[in-house]
Amino acid sequence: MANGFAEGYEFFQKNAGALLAAFQGSDVGTARAVYVSTVEDEISALEKSINAFFGDHTPAKQLKGDIAEFWHAGTFNVNAAVNESTHKAFVDRSTEFGSVDVSSNFGEDFGLKYYATGKDSAKQQAISVFQRFMVYQRKGGKDGLEKFLADRHYTSEDVLNDPIYSGQIRVIPKDQMEAATIWLKRMIATEGARRPEQVKRYQDTLNLLRDRLADNEGNESIPLSKEDAEKLAVLAKEGKFKAEDFDISAPELLNLEMVVKASLKAGLSAAIISLVLKVGPEIFKSIDYLIKNGEIDGEHFRRVGFAAVSGSSEGFIRGSVAAGITACCKAGVLGEVMKEVSPGVIGTIVAITMNTMKNAYQVAIGKKSRTELANDLVRDMFISSSALVLGCVGQVVLHQLPVVGYMIGSFVGSVVGSFIYNTGYKAAISFCTETGITLFGLVDQDYKLPEDIIEEMGLGTFDFDSFSAETFEPESFSFDTFEAESIQPDTLGITMLKRGVIGVSRIGYVV
């Protein structure tokens, strides 16, 4: 009975860290699932905004500017969601004089120009108030300059040479940046010598020229070329834009840094639990020895130190793996079906897998037989099943303390499962002893005769491939002695052999 409790406790001690870490990983996975959902929502919003142009009759070369606005705002929001930032960009769709194309909640405004060449895009970004007034008149505008300025909230004619997009970040196609920069620098040099009052609008444009939306926290949109903007416009008119075709999808964007950090943290918790459970019994033995003998046994301290090192390191590995797998499952990284898997099941599977790997290594180096490996696997599966069932019961009974309830139930299940397994194992061994059955290879039936019986039968044995060097013995002399002859009547000796346990899951002949 004590043996069953000890085995159950040992099983729980090895697996408690993995179970606790799995529950911690579940919390991380749930939080990550929300995180993934947020990113996916932003990707969906990007697709919806661009495909909203389905059926638009505007030529793609003209529509590309509108599409670029939604592309930059949408991809910025996706990137911000990936980085867990609260920054957002918004397409205003305003046609007011000098209005921004994309606004934000972090204090930056953006104006986009997607024209045929870099020079054209830069020229439109640097257009002055007076130039826009001239465009207004060419299109049939009737107001004079004073009213034109007043209607646009200008109070003085001193602003005539100012850029109408003053203060805005000027975004143009990524493939036009070089040409636009060269043209702006040339205009600054030319106007500096000819019309110095015009330099301000070119310099302002050059200083704020970008090929993407960006904030000061590392969030940014994906740069877009003029050609790609036109392709997007064609897809938008057909309603066929898919973000994943442009490598924008949750699996492509999400990294596992969050899971790794959480797994390592859960691994540390598991290491502490394993350390306490493994060192506790050794400390108790040391105290018991001190009470009984009045002194400390150095061997006990050696075992305590070894238990601390092996218990914590193994617990850390089990816990980290269990937490990482659970977090990935809950986050949907391993598929929708795995989202609902119980942390207790994952912890149990990790524990069995780790135990089997450890035992398999011992088989490989010759410290265990295959039969022992199979027996350990069956024992672990039986005890872990019992621990899993009673763990769920404990969680239901102590629903106010879900993790604690599961751990208590798991401990009871480990002990109960060990008792039941040992009882069933003894019955199975007795059955195999009587019948010779091997239980699908779990029991090794050995039919070799014991060596002492072979010697008693007078049969000679020899070892293969053995060499014994000849030795020299000097001649010796001894006196003759007289020995009285004795008569020994012939007798018949009978030795009864029976089948019995001669090793772990090994049955053979015993006297």
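As the structure is a computational prediction, the values presented were derived from the model and not from experiment.
At least one donor-acceptor pair closer than 3.5 Å links the side chain of R170 to the backbone N or O of Q168. Panel note: side chain N105, backbone K88; a donor-acceptor pair is recorded below 3.5 Å. Between the S121 side chain and the Y115 main chain, a donor and an acceptor come within less than 3.5 Å of each other. Listed for the N79 side chain is no donor-acceptor partner under 3.5 Å among the backbone atoms of T75. Without hydrogens or angle criteria, T58 side chain to Q62 main chain gives no donor-acceptor distance under 3.5 Å. When atom types are taken as modelled, the side chain of T181 and the backbone of M177 share a donor-acceptor pair closer than 3.5 angstrom. Judged purely by atom type and a 3.5 angstrom limit, K237 uses its side chain to pair as donor or acceptor with the backbone of D56.
Here the side chains of F110 and H72 are not in contact, with every heavy-atom distance at 4.5 Å or above. You'll find the side chain of D245 stays beyond 4.5 Å of the side chain of K240, heavy atoms only. Side-chain contact between Q203 and L206 is present, with at least one heavy-atom pair separated by less than 4.5 Å. Considering only heavy atoms from C-beta on, F53 stays 4.5 Å or farther from F241 through its side chain. The side-chain heavy atoms of K226 and D175, taken from C-beta on, include a pair separated by under 4.5 Å. A 4.5 Å side-chain heavy-atom check between I164 and I127 finds at least one atom pair inside the cut-off. A heavy-atom distance below 4.5 Å is not found between the side chains of W71 and L112. Taking the side chain as every heavy atom from C-beta outward, W183 and T117 never approach each other to under 4.5 Å.
With no hydrogens or angles considered, no side-chain donor-acceptor pair links D92 and S94 at under 3.5 Å.
The CD1 atom of I222 sits 12.0 Å away from the CG atom of D211 when rounded to the nearest 0.5 Å. Put simply, CD on E157 and CZ on F130 are 9.5 Å apart, with the number rounded to the nearest 0.5 Å. To the nearest 0.5 Å, the span separating OH on Y202 from CG on N161 amounts to 10.0 Å. Going from atom CG of N219 over to atom CG of L213 covers 11.0 Å, rounded to the nearest 0.5 Å. Taking CZ of R210 as the reference point, atom CD of E220 lies at 11.5 Å (rounded to 0.5 Å). Atom-to-atom distance recorded for I67:CD1 and E230:CD is 11.5 Å, nearest 0.5 angstrom.
At a threshold of 4.0 Å, the pair D162-K200 counts as salt-bridged, since one of the basic side-chain nitrogens sits closer than that to a carboxylate oxygen.
Considering all non-hydrogen atoms of both residues, A126 and L184 come closest at CB-CD2, 4.5 Å. Between L224 and A229, the shortest heavy-atom distance links the atoms CD2-CB, 3.7 Å. When all heavy atoms are compared, the tightest approach of A89 to V102 is CB-CG1, 3.9 Å. Here the closest heavy-atom approach between residue Q176 and residue A116 is recorded as NE2-O, 3.5 Å. R132 approaches Y165 most closely through the heavy-atom pair NH2-OH, 3.5 Å. Taking every heavy atom of both residues into account, A180 and I172 meet most closely at CB-CD1, 3.5 Å.
In the displayed structure, K123 atom NZ is contacted under 6.0 Å by at most 12 heavy atoms of other residues, nucleotides or ligands. Under a cut-off of 6.0 angstrom, the local environment of CD in E227 is sparse, with at most 12 non-hydrogen atoms contributed by other residues, nucleotides or ligands. Shown here is Y136, whose OH atom has more than 12 heavy atoms of other residues, nucleotides or ligands within 6.0 Å. Counting heavy-atom neighbours within 6.0 Å of E244 CD, excluding the residue itself, gives a total of 12 or less.
F148 and F97 have perpendicular rings, their planes meeting at more than 60° on a 0 to 90° scale where under 30° would count as parallel.
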Check your understanding: side chain to side chain contact (heavy atoms under 4.5 Å, CB included) between E42 and I248: does it pass, once the steps are laid out?
Key -> CA-CA 10 Å; E42 292 296 346; I248 303 175; over 6 Å; no

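Taking the six-membered ring where the residue is Trp, the centroids of F133 and Y154 are separated by 6.0 Å or more.
R93 is linked by a salt bridge (charged side-chain N to carboxylate O under 4.0 Å, His left out) to D66, E69, counting only residues two or more places apart in sequence or in another chain.
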